[in-house]
Amino acid sequence: MKVNTQSVNFNANSKLINFLQNRLDKVETFYSKVISSDVYMKVENTSAKENKIVEIKITIPKDKFVVKKQCKSFEEAVDSACSSLERRLIKQKEKLRLQA
């Protein structure tokens, strides 16, 4: 799956991009008809430790899912967001199966 990544207020290194790509490839095993995915990573200028924000938008036929997570590290936020997306995609798949 092609992942469009944008990092705001910092430069993402290749290790983070590879982690993101691998984690989203695992999401695709739950729902194979993913059209595209966009990832926005931001660093907020606050004194709080949880200042890393990851927003993932996944487009599937006739629908879009958006998940936004804020954590201490980008890896933790990506993992949490992908887990939420997996649950939502499984629900969508069951919904389509019941309609057929």
Side-chain angles (χ1 to χ4, degrees):
M1 163 184 15
K2 176 81 172 91
V3 179
N4 299 321
T5 308
Q6 290 185 355
S7 53
V8 181
N9 297 337
F10 78 104
N11 291 326
N13 61 1
S14 61
K15 187 177 177 184
L16 180 60
I17 301 291
N18 288 336
F19 175 79
L20 180 67
Q21 181 72 47
N22 290 336
R23 191 63 180 93
L24 282 172
D25 286 343
K26 289 180 186 175
V27 169
E28 196 175 20
T29 62
F30 291 95
Y31 196 92
S32 60
K33 297 175 184 170
V34 175
I35 297 171
S36 67
S37 60
D38 300 316
V39 180
Y40 303 98
M41 297 182 283
K42 303 172 192 167
V43 177
E44 273 191 344
N45 291 330
T46 61
S47 60
K49 288 185 178 181
E50 293 189 355
N51 64 343
K52 305 325 186 260
I53 300 172
V54 172
E55 184 175 330
I56 302 176
K57 295 181 183 179
I58 288 201
T59 307
I60 60 172
K62 300 180 184 177
D63 214 348
K64 283 184 185 176
F65 294 116
V66 179
V67 175
K68 188 174 185 179
K69 296 291 181 181
Q70 183 169 353
C71 295
K72 293 179 184 176
S73 70
F74 283 112
E75 288 83 1
E76 185 181 354
V78 166
D79 202 38
S80 177
C82 286
S83 296
S84 296
L85 278 172
E86 287 168 0
R87 286 192 299 275
R88 291 179 75 181
L89 289 173
I90 289 170
K91 283 183 184 178
Q92 180 70 16
K93 200 172 185 179
E94 286 296 319
K95 195 174 171 183
L96 289 174
R97 189 175 293 145
L98 291 174
Q99 289 177 355

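All values below come from the heavy atoms of this structure, side chains included, with hydrogens, waters and symmetry mates left out. Keep in mind that this is a model prediction, so the values were computed, not measured.
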A.B. asks: Distance from I58 atom CD1 to C82 atom SG, nearest 0.5 Å?
C.D. replies: 7.0 Å
A.B. asks: Nearest 0.5 Å please: distance from the OG1 atom of T5 over to the CG atom of L20.
C.D. replies: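 The CG atom of L20 is 5.0 Å from OG1 of T5, to the nearest 0.5 Å.
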A.B. asks: Starting at OG of S36, measure out to NZ of K64 and round the result to the nearest 0.5 Å.
C.D. replies: 8.0 Å
A.B. asks: How about M41 and L16: do any of their side-chain heavy atoms sit closer than 4.5 Å?
C.D. replies: yes
A.B. asks: Between the main-chain N or O of D79 and the side-chain N or O of S83, is there a donor-acceptor pair closer than 3.5 Å?
C.D. replies: yes
A.B. asks: For the CD atom of E75 and the NZ atom of K15, what is their distance to the nearest 0.5 Å?
C.D. replies: 7.5 Å
A.B. asks: According to a hydrophobic-cluster definition based on side-chain heavy atoms being under 4.5 Å apart (Ile, Leu, Val, Met, Phe, Trp, Tyr only), do V3 and L89 belong together?
C.D. replies: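 Yes, one cluster joins them.
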A.B. asks: Can you tell if the side chain of F65 reaches within under 4.5 Å of the side chain of L85, non-hydrogen atoms only?
C.D. replies: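 Yes, their side chains come closer than 4.5 Å.
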A.B. asks: Looking at P61 and I35, what are the two nearest heavy atoms and their distance?
C.D. replies: N-CD1, 3.7 Å
A.B. asks: Quick one, K42 and N9 - any side-chain contact, counting heavy atoms below 4.5 Å?
C.D. replies: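 Of all side-chain heavy-atom pairs linking N9 with K42, none is under 4.5 Å.
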A.B. asks: Can you confirm if the aromatic rings of F10 and F74 lie within a centre distance of less than 6.0 Å?
C.D. replies: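 Between F74 and F10, the centre distance is under 6.0 Å.
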A.B. asks: Give me the atom names and distance for the closest heavy-atom approach of S7 to A12.
C.D. replies: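 Taking S7 first and A12 second, the nearest heavy atoms are OG-N, 3.7 Å.
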A.B. asks: Linking I/L/V/M/F/W/Y whenever their side-chain heavy atoms sit closer than 4.5 Å, directly or via other members, would V43 and F19 fall into one cluster?
C.D. replies: yes
A.B. asks: For a side-chain contact (heavy atoms from CB on, under 4.5 Å) with V34, tell me which candidate from V27, T59, I60, L24 qualifies.
C.D. replies: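 With V34 as partner, V27, T59, I60, L24 yield a single side-chain contact (heavy atoms from CB on, under 4.5 Å), made by I60.
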A.B. asks: Using the salt bridge (Lys or Arg N to Asp or Glu O under 4.0 Å) rule, pick out the option among K26, K93, R23 that qualifies with E86.
C.D. replies: R23
A.B. asks: Taking a hydrophobic cluster as the set of Ile, Leu, Val, Met, Phe, Trp and Tyr residues connected by side-chain heavy atoms closer than 4.5 Å, whether directly or through intermediates, do Y40 and V78 fall within one such cluster?
C.D. replies: no
A.B. asks: Any link between V39 and V67 through a network of hydrophobic side chains (Ile, Leu, Val, Met, Phe, Trp, Tyr) touching at under 4.5 Å?
C.D. replies: yes
A.B. asks: Quick one: CD on Q70 to OG1 on T46, what's the gap to the nearest 0.5 Å?
C.D. replies: 7.0 Å
A.B. asks: Got a salt bridge between K69 and E50, using NZ or NE/NH1/NH2 to carboxylate O under 4.0 Å?
C.D. replies: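 Judged by the 4.0 Å cut-off on N to carboxylate O distance, K69 and E50 do not form a salt bridge.
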A.B. asks: Rounded to the nearest 0.5 Å, what separation is found between the NZ atom of K68 and the NZ atom of K57?
C.D. replies: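 Between K68 NZ and K57 NZ, I get 9.5 Å after rounding to 0.5 Å.
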A.B. asks: Under 4.0 Å between a side-chain nitrogen and a carboxylate oxygen: does that hold for E94 and R97?
C.D. replies: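 Yes, E94 and R97 are salt-bridged.
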